[in-house]
S.K.: 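One structure is given below, represented as C-alpha cells, and several questions about it will come after.
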Amino acid sequence: MTDRIYNVAIDGPAGAGKSTVARRAAAELGFVYVDTGAIYRAVALAVLDRKVDSTNEAAVASLLKDTNVKLQWEQGVQHLLLNGVDVTDRLRSPEVSDASSRVSAFSAVRCFLLETQREVARQQSVIMDGRDIGTVVLPEAQVKLFLTASAATRAERRCKELREKGLEAHYEDVLRDIEERDYRDMHRELAPLRQAEDAVLLDTSALTLAQSIDETVRIIREKLAL
C-alpha cells in the first residue's frame, strides 16, 4: 500500500447496508472506516436524552453549544464519544434512527459536524459512508459509490438486524419508517440524498453481503489502480 491518502465516499439510503459493506471493505483494503451516520446519531441521542424537540431547529441548535462529539478508533473499530462518554452501543435504536433523520436536515447540525468529518479524511485513507459524502462532505473523493437496494429488501434486512440484537421489529412498521425516511432524506433542502454524477451505482438487492463487499472492493481497487 502506498503512503498516498485515498478517500472513498459511499452514499445511499437508510438500510442499504452501507455501514457493514464500508466497514468490511475498509478492513480488507487497510483503510479507516468512518461511519458518518453514527456521528449524526450521536447528536440525535443528545437530543433525545435531553428531551429536546427534534423538529425544532432552534432548540437543537442551542443544544449544540454544550455538545461535544468525538471519533476514536479502538483496534480498528469506530467509537463515538458524546460529551466524553462512549455511546456507540446506544446509536442503533429505531428512536435514534428517526431523530437522526430529522436533526441531520438542520443546517446548524450539518455545519457543526462537517469539519469533524473532513479532518479525519485529510489525515488518513478512509472509506466514509453517509447520505451526502460524495456530493458535499468529500466532493473530491477519488472513488464514489451509491449503494442502494429496494425498500422491501432494506426493511427485511433491518428487521433481521434488530431481532438479532433482541429488539422487537415488525416488517410493516420498519418498511413504513424506511419509506418515510427515504422521502425526508431525498426532499430536504440542505444536502439531500442523491447520487453524485461521478458515483458508481451498486444495487445490492439481489446480492449477498459477501457479494456486496466483494463488488465494492473490486470497484475501489479498479478506480484506485491498487
Side-chain angles (χ1 to χ4, degrees), residues 9-15 18-19 22-23 32-74 77-123 126 128-139 158 161-162 165 167 173-174 176-194:
I10 300 182
D11 292 307
K18 300 185 303 296
S19 296
R23 183 184 300 109
V32 169
Y33 165 61
V34 183
D35 175 8
T36 63
I39 305 175
Y40 286 95
R41 285 170 182 267
V43 172
L45 181 61
V47 167
L48 293 173
D49 282 351
R50 300 189 204 177
K51 295 180 171 50
V52 172
D53 182 359
S54 64
T55 66
N56 187 324
E57 182 168 6
V60 172
S62 179
L63 171 145
L64 295 176
K65 299 173 185 176
D66 300 314
T67 301
N68 179 266
V69 177
K70 183 178 180 181
L71 284 165
Q72 69 178 31
W73 284 264
E74 297 177 8
V77 178
Q78 176 179 296
H79 286 256
L80 254 294
L81 300 184
L82 176 61
N83 296 326
V85 178
D86 190 335
V87 296
T88 307
D89 293 338
R90 299 182 59 203
L91 301 179
R92 295 294 167 181
S93 71
E95 293 78 15
V96 172
S97 294
D98 186 64
S100 175
S101 179
R102 297 181 190 284
V103 303
S104 64
F106 297 150
S107 60
V109 174
R110 304 199 75 82
C111 291
F112 176 71
L113 298 175
L114 182 59
E115 184 55 28
T116 297
Q117 299 169 78
R118 287 179 171 170
E119 180 62 23
V120 172
R122 282 194 290 264
Q123 296 176 351
V126 301
M128 189 177 291
D129 78 299
R131 301 288 189 279
D132 63 345
I133 308 305
T135 55
V136 176
V137 180
L138 300 178
R158 181 57 59 86
E161 176 186 351
L162 292 172
K165 294 181 178 179
L167 300 174
D173 294 337
V174 174
R176 182 176 62 252
D177 288 345
I178 282 177
E179 290 175 338
E180 290 176 352
R181 183 165 186 182
D182 283 352
Y183 184 86
R184 288 201 302 269
D185 288 346
M186 289 186 291
H187 290 83
R188 66 192 184 199
E189 290 187 18
L190 183 66
L193 169 66
R194 65 179 177 83

S.K.: Checking D86 side chain against L81 main chain: does a donor-acceptor pair fall under 3.5 Å?
M.R.: no

S.K.: Would you sort out whether R92 and S97 count as a side-chain hydrogen bond (donor to acceptor under 3.5 Å, both in side chains), showing the intermediate values?
M.R.: CA-CA 7 Å; R92 295 294 167 181; S97 294; over 6 Å; no

S.K.: Would you check if the side chain of S101 reaches a backbone N or O of D98 as a donor-acceptor pair within less than 3.5 Å?
M.R.: no

S.K.: Looking at E119, I'd like to know if its CD atom is crowded, meaning that more than 12 non-hydrogen atoms belonging to other residues, nucleotides or ligands lie closer than 6.0 Å.
M.R.: yes

S.K.: Look up atom CD1 in I10 and atom CZ in R23, then write down how far apart they are to the nearest 0.5 Å.
M.R.: 11.5 Å

S.K.: Between Y33 and A22, what is the shortest heavy-atom contact and its length?
M.R.: CE1-CB, 3.4 Å

S.K.: Test your reading of the model: is there a side-chain donor-acceptor pair from W73 to the backbone of V34, 3.5 Å cut-off?
M.R.: no

S.K.: Can you find a heavy atom in the side chain of V43 that is under 4.5 Å from one in the side chain of F106?
M.R.: no

S.K.: Closest approach of A58 and N56, non-hydrogen atoms and distance?
M.R.: N-OD1, 3.1 Å

S.K.: Could you tell me whether the side chain of D185 reaches within less than 4.5 Å of the side chain of P13, counting heavy atoms only?
M.R.: no

S.K.: So R188 and R184, do their side chains get closer than 4.5 Å, heavy atoms only?
M.R.: no

S.K.: Given salt bridge (Lys or Arg N to Asp or Glu O under 4.0 Å), test D132 with R110 step by step and report yes or no.
M.R.: CA-CA 10 Å; D132 63 345; R110 304 199 75 82; 2.6 Å; yes

S.K.: When rounded to the nearest 0.5 angstrom, what is the spacing between CG in L80 and CG in L71?
M.R.: 5.5 Å

S.K.: Could you give the distance from CD1 (I178) to CZ (R158), rounded to the nearest 0.5 Å?
M.R.: 5.5 Å

S.K.: Going through the checks in order, is the side chain to side chain contact (heavy atoms under 4.5 Å, CB included) test met by Q117 and I133?
M.R.: CA-CA 9 Å; Q117 299 169 78; I133 308 305; 4.0 Å; yes

S.K.: Does any part of the side chain of V85, heavy atoms only, come nearer than 4.5 Å to the side chain of R90, both counted from C-beta?
M.R.: no

S.K.: Could you pull out the closest heavy-atom pair between S100 and G37, with the gap in Å?
M.R.: OG-O, 4.4 Å

S.K.: Which heavy atom of D53 sits nearest a heavy atom of V60, and at what distance?
M.R.: O-CG2, 3.7 Å

S.K.: If only atom types and distance count, is the side chain of Q78 paired as donor or acceptor with the main-chain N or O of D35 below 3.5 Å?
M.R.: yes

S.K.: K18 side chain to D11 main-chain N or O, any donor-acceptor pair under 3.5 Å?
M.R.: no

S.K.: Only one of M186, E179, H187, E180 passes side chain to side chain contact (heavy atoms under 4.5 Å, CB included) with Y183; say which it is.
M.R.: H187

S.K.: To the closest 0.5 Å, what do you measure between NZ (K51) and CG (D49)?
M.R.: 7.5 Å

S.K.: Between V174 and E161, is any pair of side-chain heavy atoms under 4.5 Å apart?
M.R.: no

S.K.: Without swapping roles, check the side chain of R118 against the backbone of V137 for a donor-acceptor pair under 3.5 Å.
M.R.: yes

S.K.: CG of L48 to CZ of R41: how many Å apart, nearest 0.5 Å?
M.R.: 11.5 Å

S.K.: How many angstroms lie between CG in D173 and CG in L162, if you round to the nearest 0.5 Å?
M.R.: 11.5 Å

S.K.: Would you call E95 and S54 a side-chain contact if the rule is heavy atoms closer than 4.5 Å?
M.R.: no

S.K.: Do side-chain atoms of R131 reach the backbone of P192 as a donor and acceptor pair under 3.5 angstrom?
M.R.: no

S.K.: Please determine whether side chain to side chain contact (heavy atoms under 4.5 Å, CB included) holds for the pair V69 and L82, giving the CA-CA distance in whole Å, both sets of side-chain angles, and the decisive distance to 0.1 Å.
M.R.: CA-CA 5 Å; V69 177; L82 176 61; 4.2 Å; yes

